[in-house]
There are 2 protein chains.
Amino acid sequence: MSKTDKRDDILRAALELIAENGFHGAPMALIAEHAGVGAGTIYRYFENKDVLITELFREIETRIIPVLLDGYSLQKSINERFFHLGTVMLRYLIENPLEFKYLEQFINSPFGVVHRRDKLMGKNERDVFRELFEDGISQQVVKNIPLVILFDLAFGPLLAVTRDHILDFIQLDEDLMGLTVNACWDSVKR
Amino acid sequence: MSKTDKRDDILRAALELIAENGFHGAPMALIAEHAGVGAGTIYRYFENKDVLITELFREIETRIIPVLLDGYSLQKSINERFFHLGTVMLRYLIENPLEFKYLEQFINSPFGVVHRRDKLMGKNERDVFRELFEDGISQQVVKNIPLVILFDLAFGPLLAVTRDHILDFIQLDEDLMGLTVNACWDSVKR
DNA sequence: TTATCCGGAATGAACGTTCATTCCTGTTTC
DNA sequence: GAAACAGGAATGAACGTTCATTCCGGATAA
């Protein structure tokens, strides 16, 4: 078994347990057990639980970005670009409920606040969403209000709708997904 | 000191500590200390921590409802009614950051899921928001999509924007609040 | 080829801490 | 004097993390 195998086993076990039971329903001992690994072994790969949690977040983020960018073109209209990102994201999250649940846990925790602050400060590499809204404002097709609010208007509902689907409050099909993304567009468009 | 005084002290202490530090940053012993009360005393008023948490939620809900209804009239247009509820809610939450932070903690926790499910099942008394959307759909001024999605579109962003204000990512003044509520309206209106 | 040795990876029992809850003692109230 | 109440030390369960020990595969020696 290669070195990274065990690391992956640990990450997968953490993803499953945290997504289903939250940070506090996923003790290290249980993560170890589900990964088929000794409790101490986790600490050979991750300094502590906090590091494990943030590494897992980065891992998921890295998985999503190429999916979003597949077929995404800066040549298209702002509206089309928004629709592309929105539906692809919605579809991805619905097809990967574990990852969605994990992201939700992460975002609604002190980890998430730190992450959000860093993002807004522009500490990151290229951010397609920020780019899209900035283009939209300068082309006068998007409301000229603070970026943060545009994020809230557009992605807050997308996450909320995904959660409702996963909790079985609604059944999102392609039609309903389209309607939802369009509704979000209505809220940010001029 | 009257019987309810102590109960209120406990609720207030719990509100402050949970809002600032989350459920896990608010041990019962600390709540007791902040309330000026013995640890055991809390259990004379609340069966256990879960009960304390849900009681506090109900308390806050009860405080907000009359504020929302003040000046609210079913005679006005759907648009006006939406604007009224949206801005009043936004203003209230911004002026009562502790209550907002508590609500956020509550909603993003297993407690919140249960509460949401009950609400959607219509287990509750009159719900002004549900009423508003149902009227809007039948008058054909609101998009004919599932109620849940309308909630997500309208109130997700309002909560998100409030959080960003409280975290100092933006400064919401009356203008910006108006713009935000209008943007939410754009997303639900036909 | 076989026997011995070696180093790092893996282990899981044990530790110290934290927490919700209980219990017993003292105090107030009537 | 009895009954209800309040207090906070005591309790036991759960947790993250540590560390002395075991395990294992490859190198070395005979």
Side-chain angles (χ1 to χ4, degrees), chain A residues 1-59 101-102 105-106 108-114, chain B residues 1-59 101-102 105-106 108-114:
Chain A
M1 185 185 301
S2 96
K3 175 134 189 170
T4 51
D5 272 353
K6 229 161 243 200
R7 200 186 118 98
D8 285 350
D9 287 345
I10 295 167
L11 284 171
R12 195 183 24 73
L15 172 63
E16 290 169 7
L17 285 167
I18 295 175
E20 295 300 348
N21 312 317
F23 294 124
H24 296 280
M28 293 298 258
L30 200 59
I31 293 175
E33 188 184 316
H34 278 237
V37 136
T41 307
I42 296 181
Y43 291 86
R44 299 198 53 76
Y45 294 90
F46 305 96
E47 192 187 336
N48 55 42
K49 195 176 186 179
D50 280 16
V51 168
L52 169 59
I53 287 170
T54 52
E55 287 275 299
L56 180 50
F57 177 78
R58 264 186 252 291
E59 200 97 357
K101 288 183 194 169
Y102 185 85
Q105 297 275 355
F106 188 88
N108 296 310
S109 79
F111 298 112
V113 175
V114 172
Chain B
M1 186 183 302
S2 98
K3 175 137 190 169
T4 52
D5 274 352
K6 229 161 243 197
R7 199 186 119 98
D8 286 349
D9 287 346
I10 295 167
L11 284 171
R12 196 182 25 73
L15 173 63
E16 290 169 6
L17 286 167
I18 295 174
E20 297 298 349
N21 312 317
F23 293 125
H24 296 278
M28 293 298 259
L30 200 59
I31 294 175
E33 188 184 316
H34 277 238
V37 136
T41 306
I42 295 181
Y43 291 85
R44 298 200 55 74
Y45 295 89
F46 305 94
E47 191 187 338
N48 56 41
K49 196 176 184 179
D50 280 16
V51 169
L52 169 59
I53 287 170
T54 52
E55 287 276 298
L56 181 49
F57 176 79
R58 265 186 252 290
E59 199 96 357
K101 288 182 194 171
Y102 184 85
Q105 298 274 354
F106 187 88
N108 297 311
S109 78
F111 298 113
V113 175
V114 173

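Just so you know, these numbers use all the heavy atoms, side chains as well, and skip hydrogens, waters and symmetry mates. In what follows, every chain begins at residue 1, and chains take the letters A, B, ... in the order their sequences are listed.
- In plain terms, the two heavy atoms of Y45(B) and I10(B) that are nearest each other are CD1-CD1, 3.9 Å.
- We find that D9(A) and R12(A) are joined by a salt bridge, their nearest charged nitrogen and carboxylate oxygen being less than 4.0 Å apart.
- Checking dA13(C), dA20(C), dT21(C) against the side-chain heavy atoms of N48(B) singles out dT21(C) as nearest.
- Atom-to-atom, CG of D9(B) to P of dA6(D) comes out at 11 Å; the value is rounded to the nearest Å.
- With F111(A) as reference, F23(A) is the one residue of Y102(A), F23(A), F57(A) to meet the ring-ring contact (aromatic ring centres under 6.0 Å, His included) rule.
- Residues G38(B) and H24(A) each lie close to DNA chain D; by heavy-atom proximity, the contact nearer the 5' end of the strand is made by G38(B).
- Not one side-chain nitrogen or oxygen of Y45(B) sits closer than 4.0 Å to the OP1 or OP2 atom of dC5(D).
- A straight line from CD1 of I42(B) to C1' of dG7(D) spans 12 Å, rounded to a whole angstrom.
- Per the geometry, CG belonging to L17(B) stands 16 Å off C1' belonging to dT18(C), to the nearest Å.
- Looking at every heavy atom in both residues, A39(B) comes nearest to Y43(B) through O-CD1, 3.7 Å.
- In this entry the distance linking CG of N21(A) with C1' of dC15(D) reads 15 Å, nearest Å.
- Of the candidates dG8(D), dA13(C), dT11(C), dG8(D) carries the atom nearest the A39(B) side chain, counting heavy atoms from C-beta on.
- Candidate nucleotides dT17(D), dA6(D), dA10(C) were compared by shortest atom distance to the side chain of R44(A), and dA10(C) ranks first.
- Distance, K6(A) NZ to dA10(C) C1': 6 Å, rounded to whole Å.
- In this entry the distance linking CD1 of I53(B) with P of dC19(C) reads 14 Å, nearest Å.
- Per the geometry, NZ belonging to K49(B) stands 15 Å off P belonging to dT22(C), to the nearest Å.
- Rounded to an integer number of Å, the gap from OH of Y43(A) to C1' of dA20(D) is 18 Å.
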